[in-house]
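Just so we're clear, the structure is a prediction, and the values are computed from it rather than from any experiment. Each chain gets a letter, A, B and so on, in the order its sequence line appears, and its residues count up from 1.
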Amino acid sequence: MPTHPVDIDMNEQEKYLQELLTKQAQGQLKPKDRYAIKPQDMPAQDAVKRRHAMSEVALGYTETQARLEAMRCLQCANAPCVEGCPVRIRIRDFIGEITKGQYDRALEIIKENSLLPAVCGRVCPQEVQCQERCTVGKKFKDVNMSVSIGRLERYAADLAHGGGQTPAVAPPTGKKVAVIGSGPGGIVVAADTRRAGHEVTLFEAFHKPGGVMVYGIPEFRLPKAIVQEEIDVLKKMGVKIVCNFIVGRTRTIEQLMKEDGFEAVYVGVGAGLPKFMGIEGEHLVGVYSANEYLTRANLMKAYEFGKGADTPIAVSKKVAVLGGGNVAMDAARMAVRLGAEKVYLVYRRSETEMPARIEEVRHAKEEGVIFCTLQNPKRILGNDAGQVVGMECLRYELGEPDESGRRRPVAIGGSEFVMNVDTVIVAIGNGANPLIQQTTPGLEFNQWGNIVVDENCRTSMKGVYAGGDIVLGTATVILAMGQGRIAAQAINTDLAK
Amino acid sequence: MAYRIVNKSQLSENVFRIDVEAPLVAQARKAGQFVIVSPEAEAGERIPLTIAGADQEKGTIRLIFQRVGKTTAQMAEIPEGGALGYVAGPLGRPTHIEKFGTVVCVGGGIGVAPLLPIAEAMKDAGNTVVSILGARTKDLLILEEQFTSLSDESIIVTDDGSYGRKALVTEPLQEVCARSPKPDLAVAIGPAIMMKFCCEVTRRYGVPTQVSLNTIMVDGTGMCGGCRVEVGGQTRFVCVDGPEFDGHQVNFDLMMRRMDAYKDLEKRALQQYKDHQCKIGLDRK
Ligand SMILES: Cc1cc2nc3c(=O)[nH]c(=O)nc-3n(C[C@H](O)[C@H](O)[C@H](O)COP(=O)(O)OP(=O)(O)OC[C@H]3O[C@@H](n4cnc5c(N)ncnc54)[C@H](O)[C@@H]3O)c2cc1C
Ligand SMILES: Cc1cc2nc3c(=O)[nH]c(=O)nc-3n(C[C@H](O)[C@H](O)[C@H](O)COP(=O)(O)OP(=O)(O)OC[C@H]3O[C@@H](n4cnc5c(N)ncnc54)[C@H](O)[C@@H]3O)c2cc1C
Ligand code: SF4
Ligand code: SF4
Ligand code: FES
């Protein structure tokens with residue numbers, strides 16, 4: 001095999017790691033030595049090649065990289081990072097195990113609080129959670145200099161790949177728990193209540209379990225096999241998974257409880273009612289919600305159209321994606337992969353205000369997505385056949401901060417211009433799906449259609465619990481998981497009474 | 001759940017009727033609701049089909065579908081005893097059934113199938129049911145017997161006059177609306193263009209009209225927005241807010257455009273519609 005420059009680097013890095021480890025063993029490793037270690041970049045697929053590939057972009061750390069990155073952690077006595085993690089993973093401790101090469105132990109520690117480390121390590125918005133608080137990032141006054149907690153989490157989780165243990169299940173309690181929706185929240189509730197010995201059934205409306213992790217977040221960011229492994233673990237634990245079952249329609253919550261004998265029901269149906277902008281032209285052919293675009297591409301594998309997948313998707317040349325969050329990035333990067341020549345990301349604030357993960361923004365740019373910030377569409381233009389031919393936009397500037405603390409975008413009068421596009425993907429957020437509300441009298445919802453819960457995720461109906469996006473509005477995988485944990489705890493407590 | 005096809009028959013050249021095992025759907029379904037089905041469990045397109053009937057004891061639902069494209073063709077190939085990939089439902093809001101008085105039910109082409117459970121439920125609720133069924137030609141007419149036996153009056157029309165009256169459904173509809181007393185409600189189900197013209201007729205006579213929209217769907221649970229239509233100036237999702245809407249409020253022109261990305265002009269859309277198998281021409285005056 002020809003020697004590759006990377007190999008030489010790796011060897012030097014290994015030597016460097018050994019030196020650091022020796023120093024540490026002698027108790028001579030100073031914080032300044034740790035600060036001197038360069039943040040380890042995650043190897044990624046080539047930006048040009050990956051424009052045509054659905055496989056995962058971020059390739060994961062090598063062992064040396066992982067340990068070097070772990071050595072950057074100061075092992076702070078107060079570990080401020082933990083406060084930034086919604087499920088309070090013992091970050092300092094698991095990173096400590098990685099420096100020692102005790103990867104199994106690291107994973108065990110992570111799993112005390114998070115059931116889906118391979119997922120969260122990949123998709124958590126770390127820069128506004130754990131990594132935001134990290135002392136190292138604070139020292140350099142740059143969150144990008146923080147210890148890469150997420151990547152280390154992913155490293156530990158990926159090593160155990162496939163070989164993860166099936167959690168032990170307590171003796172049967174004879175009580176039945178229904179979990180509605182197989183997103184991250186639902187998966188956690190199913191696992192935690194099953195562990196307590198209850199008979200658990202997971203109901204999913206789609207033909208594949210996994211929630212947004214399967215139909216929303218694309219393969220190139222979160223391989224479906226990872227989610228499938230978690231589902232398989234549930235099956236091994238004896239959780240019954242029923243797909244193509246729409247609670248509210250196939251059976252109502254009331255029927256599940258009164259007729260089918262479920263004593264506890266967790267509602268984790270997600271948000272997923274796409275919002276549109278309410279502008280002229282939104283009914284034209286070629287306007288998609290991001291949900292539709294991504295679902296067609298992910299769940300129905302429209303990108304394999306003609307190879308057994310039958311769900312068509314527009315073959316677009318010029319695509320405008322509206323929004324600045326993860327969903328918008330995913331849609332834009334998916335459009336690149338589906339062969340669009342030009343993909344514009346249109347966002348009405350500036351890049352600093354974008355809610356997307358920094359890594360996704362960077363990856364999108366590398367892949368050629370053109371960022372059009374401080375612009376917003378006024379109307380979508382169509383031809384006689386009702387197909388999109390362009391989008392009229394207005395330019396914006398930033399004014400005073402609004403309630404969210406972000407500076408409010410203000411339209412500049414008379415700044416209209418037309419953007420030539422044949423496809424518009426709307427990614428401006430989701431409202432709550434009204435199905436459960438329509439079919440569950442007695443369950444309390446707020447004005448936005450989200451289920452109202454107490455701090456233990458109990459709803460207004462006895463025996464009914466809820467969490468995730470249907471409670472929080474649009475949230476994150478880890479927040480949904482965190483609520484799942486809390487709800488499962490409440491269910492287990494209540495059923496033990 | 002096996003989704004086995006326990007019974008299969010061919011109603012006309014391209015129309016098939018299957019009874020599929022789906023006990024929970026059979027139990028829960030109400031008139032006006034539909035299911036999402038796919039011939040394959042994993043890949044494959046998800047398509048919406050109206051539940052044309054159900055047998056709770058046998059745990060089966062009845063689907064009547066027209067072979068129009070890949071997925072329906074694939075389904076037509078599955079023999080009796082074979083199975084669908086999956087069936088999910090029932091979806092959509094059930095039809096609002098009550099005693100209105102006289103209800104005129106208009107069905108065109110394959111739209112006759114989804115109309116049947118609604119006409120039955122209307123009859124059961126004590127309404128006088130006048131049914132108008134249309135097809136392009138005699139061989140394409142389906143469910144005639146079922147409709148004649150349940151209706152107080154039934155009118156059959158074909159475009160080419162090969163059976164029943166040589167007319168479009170809008171013609172007898174207009175006559176029925178002109179009667180005194182006029183009907184209390186019209187229910188029209190068929191191709192979008194037919195529903196559009198039916199609504200124009202009933203609007204003139206002030207007869208409230210329900211239509212069942214058959215937009216393209218992906219999930220059928222409100223998640224994608226692909227089924228959106230404009231009703232009364234507002235965006236509504238057919239799968240969760242419908243499929244039935246007040247026909248006088250529906251923007252059919254927008255809907256038809258969305259339903260066929262390949263039509264260049266509405267004129268051509270009409271032409272294409274004419275050549276389409278389930279056609280009930282409407283442009284003759
Ligand atoms: C494109 C995209 C990218 C994202 N990127 C990120 C990211 O990078 N990082 C991050 O942390 N978060 C991200 N999110 C958000 C994150 O995925 C969600 O916050 C999270 O999945 C919510 O979990 P949940 O438990 O509420 O359930 P969901 O994942 O929303 O799943 C709910 C499930 O319930 C099912 N369901 C709905 N109604 C019914 C019913 N009536 N009966 C039965 N089943 C039903 C649905 O089919 C679905 O499978 C992204 C979201 C999207 C759409
Ligand atoms: C709520 C609802 C209920 C329905 N009930 C029935 C039913 O009971 N029986 C039945 O035969 N069909 C019904 N349809 C229509 C049916 O879903 C479509 O015929 C089917 O999706 C076509 O799939 P395909 O892959 O065979 O054809 P495709 O290859 O997808 O399309 C072939 C041709 O059919 C047209 N087409 C595609 N989708 C639709 C659609 N949704 N409506 C009309 N034309 C379409 C295309 O424009 C194209 O010309 C219903 C649709 C909805 C939304
Ligand atoms: S779960 Fe997310 S927030 Fe918590 S430590 Fe891991 S990456 Fe950070
Ligand atoms: S704050 Fe940063 S340096 Fe301190 S323990 Fe946490 S990860 Fe390590
Ligand atoms: S079919 Fe997806 S929202 Fe109606």
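The shortest distance between side-chain heavy atoms of B:F245 and B:Q210 does not fall below 4.5 Å. A 4.5 Å side-chain heavy-atom check between A:Y293 and A:V321 finds every atom pair outside the cut-off. Counting only heavy atoms from C-beta outward, the side chains of B:R17 and B:N7 never approach each other to under 4.5 Å.
A:F203 has its ring centre less than 6.0 Å from the ring centre of A:F245.
Counting only N and O atoms by type, the side chains of B:Q74 and B:E40 include a donor and acceptor under 3.5 Å apart. Side-chain contact, A:S289 with A:N291: no donor N or O sits under 3.5 Å from an acceptor N or O. Side-chain atoms of B:T60 and B:E21 form no donor-acceptor pair, as typed in the model, at a separation below 3.5 Å.
Taking every heavy atom of both residues into account, B:V211 and B:L213 meet most closely at CG2-CD2, 3.7 Å.
Of the listed residues A:L435, A:N433, A:T252, A:T439, the one with more heavy-atom pairs under 4.5 angstrom with chain B than any other is A:N433. Heavy-atom pairs under 4.5 Å with chain B were tallied for A:Q438, A:R251, A:E282; the largest tally goes to A:Q438. Note: B:G222 leads B:A28, B:G222, B:G225 in heavy-atom pairs under 4.5 Å with chain A. Between chain A and the residues B:D241, B:T235, B:N251, the most heavy-atom pairs under 4.5 angstrom are made by B:T235. Ranked by heavy-atom pairs shorter than 4.5 Å toward chain A, the options B:G89, B:A41, B:G226 are led by B:G89.
Both the backbone and the side chain of A:V287 come within contact range of chain B, each with at least one heavy atom under 4.5 Å from a heavy atom of that chain. There is no contact between A:Q255 and chain B, counting heavy-atom distances below 4.5 Å. Interface remark: B:Q27 contributes side-chain atoms only to the contact with chain A (heavy atom separation under 4.5 Å). Heavy atoms closer than 4.5 Å to chain A are found nowhere in B:R29, neither backbone nor side chain. Neither the backbone nor the side chain of B:V35 has a heavy atom closer than 4.5 Å to any heavy atom of chain A. If you measure heavy-atom distances from A:L273 to chain B, the contacts under 4.5 Å come from both the backbone and the side chain.
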